[in-house]
Amino acid sequence: MSPMRRAWLRFKRNRLGYWSLLAFCTLVALSLLAELISNDRPLVLEYQGSIYFPLVKDYSEKTFGGDFNTPTDYLDPFIRERLSQPGNWALFAPNPYGPKTLNYFAKEPNPSRPSRDNWLGTDDRGRDLLAQLIYGFRVSVLFALALTFTGTLLGVLSGAIQGFFGGKTDLAFQRFIEVWGAMPELYLLIIFSAVFAPSLALLLILLSLFGWMGLSDYVRAEFLRNRQLDYVRAARALGVSNWQIIRRHLLPNSLTPVVTFLPFRMSGAILALTSLDFLGLGVPPGTPSLGELLSQGKNNIDAWWISLSTFAVLVLTLLLLTFMGDALRDALDPRKAER
């Protein structure tokens, strides 16, 4: 049985970590299908014998008997009445609100309490809170995956170069990391957010420039240890190139700390994006954001459903990632593997 197979079996024996992985993957898959779960447009409809797909194409209000040549508001009672006539039908998502949909027909002032129309209530702008959470969770997870990938790639590359070549190369990289790590990251984010228009791409670049240093130290230590082993010396004696030694021999045997820290790096990326959004330095206005919802909860203390639901989503996500990280660390621990 291969080492990876044994590690996977040890991971499965940790029930908490295994079921956390399944639950997290299920939540991510559902968030990727958010348009089918929460949307203010019908998935498909039939009107006067013709089939329409509003989810993928805009139709004017005149198409359904309206007076204006503007995109159709499918929550308008007039449009709803037209679509409910005999021979017409429309299939809506389970939650008929999108992330930017304003509930103009709410019976209470915004933010309104949970009701039959808005299951988790609305925020202070009248947007459905459930839709905000679904789309905000997707934005946070996708951003965390992208930041984890770029940070891991830069960290592995930097640590591999330092650990393999050592000497002056390692010394120069260490001095650069000391200077680079001393730069005030938050101040730089404030400056760049004032100069450039806020965007996820800008956040990803700025956070990636600082997020690789912690992982680089672990990879460097693994390379420094493994490069002295006999199989590496034998490969050098046979004339194998440095790139082949790194790719074939050193890198596969130095990825244990990288894989172990992946869930924790994802949770850190989600917290970083949420914190920046809370401070107003994150995603562009109008983008679904968990940090913005927390800020709304702070500004609207009486609207307890905003803070409570957002806090529950964050806690659940971070707990699942933490349980996965603990199980992964135990599965890759060589001491437990021997037992």
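Counting from 1, the numbers follow the sequence of the chain as shown.
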Over 12 foreign heavy atoms within 6.0 Å of [atom1], [X]:
X	atom1	result
Phe311	CZ	no
Phe149	CZ	no
Arg113	CZ	no
Arg236	CZ	yes
Phe164	CZ	yes

Quick one: are [X] and [Y] in side-chain contact, heavy atoms under 4.5 Å?
X	Y	value
Asn242	Phe165	yes
Leu45	Tyr74	yes
Pro111	Asp124	yes
Asp330	Phe11	no
Leu55	Leu36	yes

Working to the nearest 0.5 angstrom, can you tell me the gap between [X] [atom1] and [Y] [atom2]?
X	Y	atom1	atom2	value
Asn300	Trp305	CG	CH2	8.5 Å
Asn226	Asn253	CG	CG	6.0 Å
Leu290	Ser295	CG	OG	12.5 Å
Arg13	Tyr18	CZ	OH	13.5 Å

- request: Test Leu314 against every option in Leu293, Leu319, Leu294, Leu133 by the side chain to side chain contact (heavy atoms under 4.5 Å, CB included) rule and name the one that passes.
  value: Leu294
task: Identify the residue among Asn95, Leu33, Leu130 that makes a side chain to side chain contact (heavy atoms under 4.5 Å, CB included) with Ser38.
output: Asn95
message: Determine whether Arg329 and Asp326 satisfy the following criterion, salt bridge (Lys or Arg N to Asp or Glu O under 4.0 Å), listing intermediate values before the conclusion.
response: CA-CA 5 Å; Arg329 180 183 57 195; Asp326 289 339; 3.1 Å; yes
Taking [X] for its side chain and [Y] for its backbone only, find out whether a donor-acceptor pair lies under 3.5 Å.
X	Y	answer
Trp119	Leu129	no
Ser289	Gly291	yes
Asn88	Arg82	yes
Gln132	Pro99	yes
Thr63	Ser60	yes
Thr148	Leu145	no
Tyr59	Phe53	yes
Ser158	Leu154	no

Hydrophobic cluster identity match, Tyr218 and Val258, side-chain contacts under 4.5 Å: no
Same apolar cluster: Leu32 and Ile270, side chain cutoff 4.5 Å: yes
- request: Check whether NZ of the Lys or CZ of the Arg Arg41 lies under 6.0 Å from the centre of the six-membered ring of Tyr52 and within 45 degrees of that ring's axis.
  value: no
